[in-house]
There are 2 protein chains.
Amino acid sequence: MKDLLEDRDAWSMDNCSIARTLEIVGNRTSLLIMREAFFGTRRFDDFAKRVGIGEPAAATRLKELTAAGLLERVPYQEPGQRTRYAYQLTDKGRDFRAVIVALRQWGDTWAADEQGPPVVVRHENCGAEVHAVLRCDEGHDVPVGDSFVDAGPGLVRVGPDSS
Amino acid sequence: MKDLLEDRDAWSMDNCSIARTLEIVGNRTSLLIMREAFFGTRRFDDFAKRVGIGEPAAATRLKELTAAGLLERVPYQEPGQRTRYAYQLTDKGRDFRAVIVALRQWGDTWAADEQGPPVVVRHENCGAEVHAVLRCDEGHDVPVGDSFVDAGPGLVRVGPDSS
DNA sequence: AAGCTGACTTCTTAATTCATAAGTCAGCTA
DNA sequence: TAGCTGACTTATGAATTAAGAAGTCAGCTT
């Protein structure tokens, strides 16, 4: 574990998945819009109202998220109404679910008030609450502290800087 | 599933765990600092350099994260050096691990380049890669789409607005 | 053809966030 | 006790992000 970490300055973070992800959703409102999308919100006005942001901000975020492929703009038509567009999760967006669940779970544990969380996510089949857990590919649960960071195939090593 | 969601406007989000969490870490640099903390970074200058931000920004973020209780400022002393302070994860901060793992995992899947991810997290005991998965309290894995949002104990319902 | 409504866009202004550069400060070493 | 160095703080200015109000636009209904 120590080996890699002590050499931390030798890696380049140009290829960091976290940084890339955050370039897409690295601000409060994008994440809140994703929350709403998971809660089932689809319409422009509802996003703005429920997230609590102005329309210009909602339009910008929705556009970014659509361009990034997490949401898609799909036409829908209510009876007697003209065709309108809704924003719904794509597979790419749905796969973001673990992040939202992990965020909510952390907040429930460390930043909730006495009344408890306002919403819970349940398993469709059995009704039990859903949590984000860490598990290794061998099927073991991985408690905090029982993991280490290792070099991946895309790690770019850079020479020690001369400073 | 539909029942609650269609009534979405009837909930108040004042008690939203996600919104509260994002008030603490809802910006790109805070999340990147948390990433570094998990990678083992502890010193001020290293945070600034590795996250790629200026010192004022690093000082502000580190102070926020410390005030929020995710990091703590602990004294350390290298031989022949004076006492200095390092920032290290608290239990509250360590528990944030699932969010960072989920973020990295999403980025590895949807935003990585051909070379693959630069780093992987492995299980200390068996060396297998660690992933964030969703699981219900009955022990079932919960695939995308097999969950629904339900009212929690802290849900505040508000009257339908007159608009 | 006019009205209506949801879905935006535009404009202006305020607030926040950031980088860069230049200090400041503490305390161990020489 | 002067220097050195890591850990910050201060100052300034640029860039980004936001709200609020108002305007535009499309197309179904009347």
Side-chain angles (χ1 to χ4, degrees), chain A residues 6 8-9 13 19 22-34 36-37 40-68 71-88 161-163, chain B residues 6 8-9 13 19 22-34 36-37 40-68 71-88 161-163:
Chain A
E6 287 183 355
R8 172 64 183 81
D9 281 318
M13 274 290 108
L22 294 178
E23 249 144 70
I24 301 171
V25 293
N27 64 290
R28 216 181 69 91
T29 45
S30 294
L31 258 359
L32 252 12
I33 287 202
M34 290 303 289
E36 276 309 317
T41 298
R42 284 152 162 259
R43 288 162 53 159
F44 181 84
D45 282 5
D46 289 337
F47 275 111
K49 182 175 54 178
R50 294 170 186 173
V51 171
I53 58 177
E55 291 177 359
T60 305
R61 297 292 152 244
L62 253 6
K63 219 170 288 175
E64 286 170 2
L65 258 7
T66 302
L71 297 179
E72 59 186 347
R73 200 158 163 274
V74 296
Y76 73 97
Q77 188 159 200
E78 287 180 0
Q81 293 292 130
R82 59 184 250 246
T83 302
R84 302 190 187 285
Y85 292 88
Y87 296 88
Q88 66 177 219
D161 55 6
S162 52
S163 66
Chain B
E6 287 184 353
R8 172 66 185 80
D9 281 319
M13 274 290 110
L22 294 178
E23 248 143 72
I24 300 170
V25 293
N27 63 289
R28 216 180 69 91
T29 46
S30 293
L31 258 1
L32 252 13
I33 286 204
M34 288 304 289
E36 277 308 318
T41 298
R42 285 153 161 259
R43 287 162 55 160
F44 181 85
D45 281 6
D46 288 337
F47 275 110
K49 182 175 54 179
R50 294 169 186 174
V51 171
I53 58 178
E55 292 177 1
T60 305
R61 297 292 152 244
L62 251 9
K63 219 171 290 177
E64 287 170 1
L65 258 9
T66 302
L71 298 178
E72 59 187 346
R73 200 159 164 272
V74 297
Y76 72 96
Q77 188 160 201
E78 287 179 0
Q81 293 293 130
R82 59 183 249 245
T83 302
R84 301 190 189 285
Y85 292 89
Y87 296 86
Q88 65 177 222
D161 55 7
S162 52
S163 66

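Letters A, B, ... mirror the listed sequences (proteins, then strands); counts begin at 1.
- One interatomic measurement links the two molecules: CZ of F44(B) to C1' of dT9(D), which rounds to 9 Å at whole-angstrom precision.
- Nearer to the 5' terminus of DNA chain D, by closest-nucleotide assignment, is the contact made by G52(A) (compared with the other of G52(A) and Q77(A)).
- Using a 4.0 Å cut-off, no side-chain N or O of R28(A) falls inside it from OP1 or OP2 of dT17(D).
- Residues A86(B) and G54(A) both approach DNA chain D. Their nearest nucleotides, taken by heavy-atom distance, put A86(B) toward the 5′ side.
- S30(B) approaches N27(B) most closely through the heavy-atom pair OG-OD1, 2.9 Å.
- For the pair K63(A) and dT9(C), the criterion of a side-chain N or O lying under 4.0 Å from OP1 or OP2 is met.
- Evaluation of atom-type donor-acceptor distances gives a pair under 3.5 Å for the side chain of R82(A) against the base of dA26(D).
- Following rounding to the nearest Å, D45(A) (CG) and dT9(C) (C1') show an atom-to-atom distance of 13 Å.
- Distances shorter than 4.0 Å separate some side-chain N or O of Y76(A) from OP1 or OP2 on dA7(C).
- R43(B) has no side-chain polar atom (N or O) that falls below the 4.0 Å cut-off from OP1 or OP2 of dG6(D).
- Taking atom CD on E64(B) and atom C1' on dC18(C), their separation rounds to 13 Å, with Å as the unit.
- Put simply, T29(A) has a side-chain N or O that comes within less than 4.0 Å of OP1 or OP2 on dA18(D).
- Comparing dA11(D), dC28(C), dC18(C) by their closest approach to the side chain of P56(B) singles out dA11(D).
- Between G54(B) and A48(B), the shortest heavy-atom distance links the atoms O-CB, 4.4 Å.
- Dashed line: the shortest gap from a side-chain N or O of R73(B) to OP1 or OP2 of dC8(D) is under 4.0 Å.
- Smallest separation of non-hydrogen atoms from F47(B) and I33(B): CE2-O, 3.6 Å.
- Considering only side-chain atoms of A57(A), the nucleotide from dC8(C), dT5(C), dA19(D) that sits closest is dA19(D).
- Going from atom OH of Y87(A) over to atom P of dA7(C) covers 9 Å, rounded to whole Å.
- To the nearest angstrom, C1' of dG6(D) lies 15 Å from CZ of F47(B).
- The CD1-C1' distance, from I53(A) to dT17(D), rounds to 11 Å in whole Å.
- Taking atom CZ of R42(A) as the reference point, atom P of dA7(C) lies 13 Å away to the nearest angstrom.
- Nearest approach of E72(B) to T66(B), heavy atoms of both residues: CA-CG2, 4.4 Å.
- With rounding to whole Å, N27(A) atom CG is found 11 Å from dC18(C) atom P.
- Considering CD1 of I24(A) and CE of M34(A), their distance stands at 10.0 Å, rounded to 0.5 Å.
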